[in-house]
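This report concerns only the one structure given below.
Nothing fancy with the numbering, it's 1 onward along the sequence.
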Amino acid sequence: MRLRSLGAALAVTAALTALPLTTTPATAAETPLSQGKSATASSTENAGTPAADAVDGSTATRWSSAASDNQWLQVDLGTSASVTQVVLNWETAYGKDYKVQISNDGSTWTDLKSVTGGDGGIDTLDVSGQGRYVRMLGVHRATTWGYSLWEFQVFGTAGGTQTGCGTANAAQGRPASASSTENAGTPASAAFDGSTTTRWSSQPADPQWVQVDLGSVQTVCKVDLNWEAAYGKDFQIQASADGQSWTTLKSVTGATGGTASYDVSGSGRYVRIYGTARGTGYGYSLWEVAVHTTGTGVPPVQGGGDLGPNVIVVDPSTPNLQQKFDQVFAQQESAQFGSGRYQFLLKPGTYNGINAQLGFYTSVSGLGLNPDDTQINGDITVDAGWFNGNATQNFWRSAENLAITPSNGTDRWAVAQAAPFRRIHVKGGLNLAPNGYGWASGGYIADSKIDGTVGPYSQQQWYTRDSSVGGWTNGVWNMTFTGVQGAPATNFDSGPYTTLDTTPVSREKPFLYLDGSAYKVFVPAKRTDARGVSWPANAGTSLPLDQFYVVKPGATAATINQALAQGLNLLFTPGVYHLDRTIEVTRANTVVLGLGLATLVPDNGVDAMHVADVDGVRLAGFLIDAGPVNSDTLLRIGTPGATADHSANPTTMQDVFIRIGGAGPGLATNSVVVNSNNTVIDHTWIWRADHGSGVGWDTNRADYGLRVNGNDVLATGLFVEHFNKYDVYWSGERGRTIFFQNEKAYDAPNAAAITHDGIVGYAAYKVADTVTTHEAWGLGSYCNYTADPSIVQAHGFQVPVKPGIKMHDLLVISLGGMGQYAHVVNDTGAPTSGTSTVPSKVIQFP
């Protein structure tokens, strides 16, 4: 932790673009509209410098950010206001160039003032604008530290275009909960039922609370309390967007019970009365709590609702069910770069005689809490008839959360990359090869139980995690297993197998299910040293669908961001979504879940998605497709310079796929950048297209696939291919990768185009020279230099030679002699040669 001088915060005022700064703040006695309001930030330096400290009215506390540019601090005024002045009291670490912006929805921002060449101290800015949210957006820091503000004050007049405080009780009849109840006759709901003859009462202890869910984020302007004889002497009225992080709207001390009304200003979906001192020896007891709200000019985004036009929900009695599967398959079988997206959801029950053939962008999932709740006496089939028996392009499809009793005893799942097989119980065998045993290049299984034998046959590589198998017959090059009961023993020196007894850290993908007639999303808990399936124990939490914005085709990025700002999670229904701004995920534990390979396309060079450096975000089940204007980073997890420890609750990225080109020209400098510590990347295919539309060395240029800057990041099932420079560049400490599959860019025009630092070819997987500790198992890189087969790449893997760097079971392969590798890792390992497609291996390095 760093120490700085308080006196430096009194430096002279900054220089402004357009208008000079005044040195006289708003009237001394005037309370800022921002004081005590809800504040958020792009990052914090540490737990002692939260965003809230910049709006608490104290110049002894401060907010400070991570040590990088493009950081922001934002305050929610609770209602729209006419803003006339903003005062920034900088700590030593000040912004040299920054903007003050205003917004109605927290998503679309208007500049109030741009400051360049600022020199810290107190900046008093006269501005003019109308909005609910005000933020400081730092452009360039003046020091090597982050941005730091003792106070961020917003002055003006609240209201403006707003309506008055409503007379209706927004809380009446809404779901309620409490810290405790005195007995079964005094439930939390009784305080919100509109009756003064029923009441909630708590146990006789401090503190206690009662809360209500308003159903959506609303602006709260008044709260009425009708106390029973057991009243609260000291208490707080609080609001929250998510029911977890609370903002105090009013603190009351020395109350005497009875009825009272409190004018408040703030917003939230949840409102609670938090008692800290009782007025009697009994608990707290309320006849009624009424919550009054006001309009904001921007209606709240509603959670829940139907699942949109491309989700097909069926049950065993659905007429013509086989025809429904066949119709979608006929459309999607060869639509590799089409726009169709479909999700089949099977309600619990037994389905007889079904063969669900899955084409591109088609997913099938059971709606039970356990796989065995949805039984298929039949098959879920992926084959390669559309491509003359070649399964190497069977991408972008999935099966999840159901049981299969195959009609002939063995199910066929002949897939390539981006085709996860999760949470499946196969009551028989599983064949991973196409009919006729043509080429195949997959694949991924997790949290599944295959009672019979798995036959990979022609599959070049495969990763299986936290599952059980009745047997495993063979493999071609690289078959890796972690936490798999029944897996074959490691034999990489003479065969294809790398087997670890357990998976160090894993957490299964969130999934949609039915609880009675209500949709919910189950969010599985983290497991350490896992082995075998996670079900039927199912540790984790369930979230009702009304806590999700159900995103449907046509939704805008502004609405998506508004939903996130309200505290909603995201459920993307099948479709293609064009984004004119970055999706900003800033709340801890946010779930972003896609159905049917929902696809995000950033337009005009924006990044597709940024995730703040917070705990426990779950990203799962969607595809990001680069747009024709270059994006800097398609997916960024954590802010640059992130330092927080997320080991107890890491962010996870699961079945999130990236594509640059193929569906048309696409450009991105970086595909995925991971800055947050402890992130778990569980199955991804990050692909610069080698075929399709808009493909060429510069047409779909993308320099980097995955860049890892965070520490203690784990990748399980990492597929990254064809990038112009490094496919994976790992600069965080203590990183681990279990299974890696790679092909180098086919279209490198010549050796000169990929020569750097005196080395021919960029390593498929590079660990930065500064790293001291890193470990990886089961890594393969293949070259197929079709544009210039004479290229001899120096190596597939490049790592520093240090005691803490340990690489296990590496191989490189020349596919049919189209280019060669001189070594496997650094200058170690035999070269590939000829057209025999035989791996060169290194079992242990160093």
Side-chain angles (χ1 to χ4, degrees), residues 304 306-307 311-319 321-322 324-325 342-356 358 362-381 397-407 411 413 420-430 445-452 465-470 485 506-525 527 530 532-545 548 571 573 591 593-596 618 620-621 654-655:
D306 68 88
L307 298 177
V311 175
I312 303 167
V313 183
V314 301
D315 62 43
S317 66
T318 299
L321 179 53
Q322 184 63 54
K324 292 180 184 294
F325 284 119
Y342 295 95
Q343 172 77 57
F344 283 92
L345 295 177
L346 279 59
K347 292 182 179 181
T350 300
Y351 298 77
N352 292 314
I354 294 298
N355 181 16
L358 301 186
T362 306
S363 299
V364 59
S365 304
L367 281 172
L369 189 56
N370 284 298
D372 288 332
D373 294 339
T374 305
Q375 299 275 346
I376 294 179
N377 292 320
D379 298 276
I380 293 178
T381 301
R397 62 201 76 196
S398 68
E400 181 176 5
N401 195 36
L402 42 77
I404 310 167
T405 302
S407 55
D411 193 63
W413 186 255
F421 193 83
R422 287 185 181 269
R423 218 176 147 77
I424 305 287
H425 185 187
V426 180
K427 299 180 177 182
L430 187 63
I445 293 172
D447 203 26
S448 294
K449 182 179 181 182
I450 295 94
D451 294 344
R465 177 183 63 72
D466 297 356
S467 296
S468 69
V469 298
Q485 297 164 339
S506 56
R507 182 165 55 195
E508 301 308 326
K509 173 180 169 284
F511 62 91
L512 191 69
Y513 77 103
L514 275 174
D515 183 1
S517 61
Y519 285 108
K520 295 183 177 179
V521 172
F522 190 78
V523 185
R527 298 202 290 169
V533 298
S534 68
W535 45 273
N538 290 325
T541 57
S542 289
L543 302 176
L545 193 63
F548 287 79
L571 179 69
T573 65
V591 177
L593 177 61
L595 301 177
R618 321 293 178 93
Q654 300 176 284
D655 302 348

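Applying the ring-ring contact (aromatic ring centres under 6.0 Å, His included) test to F548 and every residue at least two apart in sequence or in another chain returns nothing. Residues passing the side chain to side chain donor-acceptor pair (under 3.5 Å) test with S467: none are found, sequence neighbours excluded. For D373, there are no side chain to side chain donor-acceptor pair (under 3.5 Å) partners, not counting sequence neighbours. Applying the ring-ring contact (aromatic ring centres under 6.0 Å, His included) rule to F344 yields the partners F325; only residues at least two apart in sequence or on another chain are considered. Remark: D411 engages no residue in a salt bridge (charged side-chain N to carboxylate O under 4.0 Å, His left out) (not counting sequence neighbours). Applying the ring-ring contact (aromatic ring centres under 6.0 Å, His included) criterion to F522, with sequence neighbours excluded, gives F511.
For the pair E400 (side chain) and S363 (backbone), a donor-acceptor distance under 3.5 Å is absent. A donor-acceptor pair under 3.5 Å links the side-chain atoms of R618 to the main chain of P524, judged by distance alone. Side-chain N or O atoms of D315 include one that pairs as donor or acceptor with a backbone N or O of S317 at under 3.5 Å. At least one donor-acceptor pair under 3.5 Å links the side chain of D447 to the backbone N or O of S534. Of the possible polar contacts, one joining the Q343 side chain to the G596 backbone as a donor-acceptor pair under 3.5 Å is found. With Q654 contributing its side chain and G621 its backbone, the two residues share no donor-acceptor pair below 3.5 Å.
Side-chain contact between Y519 and V313 is present, with heavy atoms from C-beta onward closer than 4.5 Å. Using a 4.5 Å heavy-atom cutoff, the side chains of Y342 and L358 are not in contact. When side chains are defined from C-beta on, Y351 does not count as touching L402, because their heavy atoms never get closer than 4.5 Å. Using a 4.5 Å cut-off on side-chain heavy atoms (C-beta onward), R397 and V364 make no contact.
Across all non-hydrogen atoms, the minimal contact from N370 to P536 is OD1-CA, 3.2 Å. Closest approach of R422 to S448, counting heavy atoms only: C-OG, 3.6 Å. Shortest non-hydrogen contact noted between P348 and P316 is O-CD, 4.3 Å. Nearest approach of Y513 to S542, heavy atoms of both residues: OH-OG, 2.6 Å. W535 approaches I424 most closely through the heavy-atom pair CZ2-O, 4.3 Å. Considering all non-hydrogen atoms of both residues, V591 and L543 come closest at CG2-CD1, 4.0 Å.
Note that OG of S468 and NZ of K449 are 5.5 Å apart. Values are rounded to the nearest 0.5 Å. In this structure, CG on N538 lies 4.5 Å from CZ on R423, to the nearest 0.5 angstrom. To the nearest 0.5 Å, the span separating CG on L346 from CD1 on I312 amounts to 10.5 Å. Note: D451 CG to H425 NE2 = 3.5 Å, rounded to the nearest 0.5 Å. Note that CD1 of I404 and CD1 of I380 are 4.0 Å apart. Values are rounded to the nearest 0.5 Å. How far CD1 of I354 is from CD1 of I376: 7.5 Å, rounded to the nearest 0.5 Å.
Ion pairing between E508 and R465 holds under the 4.0 Å rule for side-chain N and carboxylate O.
The only option from L512, N401, T374 that meets the side chain to side chain contact (heavy atoms under 4.5 Å, CB included) definition with L345 turns out to be L512.
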task = Could you go through the side-chain contact (heavy atoms from CB on, under 4.5 Å) check for V533 and Q485 one step at a time?
result = CA-CA 9 Å; V533 298; Q485 297 164 339; over 6 Å; no
query = What's the verdict on side-chain contact (heavy atoms from CB on, under 4.5 Å) for F421 and L430, showing C-alpha distance, side-chain angles and the deciding distance?
reply = CA-CA 11 Å; F421 193 83; L430 187 63; 4.0 Å; yes
ask   = Going through the distances and angles, do N355 and D379 end up as a side chain to side chain donor-acceptor pair (under 3.5 Å)?
value = CA-CA 5 Å; N355 181 16; D379 298 276; 5.6 Å; no
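For K427, the NZ atom counts as densely surrounded, since its 6.0 Å shell holds more than 12 non-hydrogen atoms of other residues, nucleotides or ligands.
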